[in-house]
Amino acid sequence: MKGIYKITLLVGITILVSSCHNISAPNYQYFPNMYESLAYEPYAEASVFKGGKEAQLPANGTINRGFEPYEYENSTAGYELAKANLKSPLDSLDRNSEKGKELFEIYCMSCHGATGNGKGKLVEREKFLGVPSYKDREITEGSIFHVETYGLNAMGSHANQLSTHERWLVADYVLKLKSQL
């Protein structure tokens, strides 16, 4: 007899629980602030901020996290200054020729060639013409770094692909290639 009461109670609770579920109504949210953002929308109006907008300009003198300022401007004068004055901050322990070679093969070899002779795959296929040989140019580590940072002529900037340290490694490797030509 006790078994019948238990089974009846269990069936009754199951029917009660299943009958309370409404498919069209959402479930109860335990932490609603995890689902509904309390943050401001970037371009919404708000009287608490200067100018009445949420999106504000950064404070003067601030820089992005991880950004390293580069004091030479993107001009011919900046190129000449970098060529004459800019020296690599890498010491003998930081100069990693293998890493420089690896980065050169990824980013530079397709145009400049494996030896720096200006006859890479893209030049051979006539996608780019007039890529100079390192042997024909008077280059320094500063000029190489400047060109990697800003680009020159048809070559675009590699500052987004390579960190400052990696650009110095490539510049060091390019000078090694120039000495071998």
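Please read all numbers here as calculations on a predicted model, not as lab measurements.
- Between the side chain of Tyr150 and the backbone N or O of Tyr72, at least one donor-acceptor pair lies under 3.5 Å.
- By the 4.5 Å heavy-atom criterion applied to side chains, Val170 and Tyr107 are not counted as neighbours.
- Once rounded to the nearest 0.5 Å, the distance linking CZ of Phe128 with OG of Ser110 reads 8.0 Å.
- Closest heavy-atom contact between Ala59 and Thr62: O-OG1, 2.8 Å.
- Looking at Thr8, its side chain does come within 3.5 Å of a backbone N or O of Ile4 through a donor-acceptor pair.
- In terms of heavy atoms, Cys111 sits closest to Leu122 at SG-CD1, 3.8 Å.
- Side-chain atoms of His158 and Met155, non-hydrogen and from C-beta on, do get closer than 4.5 Å to each other.
- Hydrophobic clustering, with ILVMFWY side chains joined whenever heavy atoms are under 4.5 angstrom apart, keeps Val174 apart from Tyr79.
- The backbone N or O of Gly151 sits nowhere less than 3.5 Å from a side-chain atom of Ser157 that would complete a donor-acceptor pair.
- Relative ring orientation between Phe104 and His112 is described as tilted, the plane-to-plane angle lying within the 30° to 60° band.
- Residues that satisfy the side chain to side chain contact (heavy atoms under 4.5 Å, CB included) test with Ile106, not counting sequence neighbours, are Glu102.
- To the nearest 0.5 Å, atoms NZ (Lys101) and CG (Asn96) are separated by 12.0 Å.
- The side chain to side chain contact (heavy atoms under 4.5 Å, CB included) check on Arg65 picks up nothing, with sequence neighbours excluded.
- Around atom CD of Gln56, more than 12 heavy atoms belonging to other residues, nucleotides or ligands sit under 6.0 Å away.
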Contacts under 3.5 angstrom, residues 135-148 side chains, donor-acceptor by atom type, not counting sequence neighbours:
{"unit_1": "Thr140", "atom_1": "OG1", "unit_2": "Lys83", "atom_2": "O", "d": "2.9"}
{"unit_1": "Thr140", "atom_1": "OG1", "unit_2": "Gly142", "atom_2": "N", "d": "3.4"}
{"unit_1": "Thr140", "atom_1": "OG1", "unit_2": "Ser143", "atom_2": "N", "d": "3.2"}
{"unit_1": "Glu141", "atom_1": "OE2", "unit_2": "Ser88", "atom_2": "N", "d": "3.1"}
{"unit_1": "Ser143", "atom_1": "OG", "unit_2": "Thr140", "atom_2": "N", "d": "2.9"}
{"unit_1": "Ser143", "atom_1": "OG", "unit_2": "Thr140", "atom_2": "O", "d": "2.9"}
{"unit_1": "His146", "atom_1": "ND1", "unit_2": "Tyr70", "atom_2": "OH", "d": "2.9"}

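- Take Lys119 and apply the salt bridge (Lys or Arg N to Asp or Glu O under 4.0 Å) test, not counting sequence neighbours, and it matches no residue.
- Within a 6.0 Å sphere centred on NZ of Lys87, other residues, nucleotides and ligands contribute more than 12 heavy atoms.
- Crowding of Ile63 atom CD1: a count of heavy atoms from other residues, nucleotides or ligands under 6.0 Å exceeding 12.
- Taking Glu80 as the reference, nothing meets the salt bridge (Lys or Arg N to Asp or Glu O under 4.0 Å) condition, with sequence neighbours excluded.
- Taken from CG in Leu103 to OH in Tyr173, the straight-line distance is 11.0 Å, to the nearest 0.5 Å.
- Atom CE of residue Met109 and atom CG of residue Leu177 lie 11.0 Å apart, to the nearest 0.5 angstrom.
- Within the structure, salt bridge (charged side-chain N to carboxylate O under 4.0 Å, His left out) contacts touching residues 155-173 (residues at least two apart or in different chains) are Arg95-Asp172, Asp172-Lys176.
- Rounded to the nearest 0.5 Å, atoms OG (Ser75) and CG (Leu81) are 8.0 Å apart.
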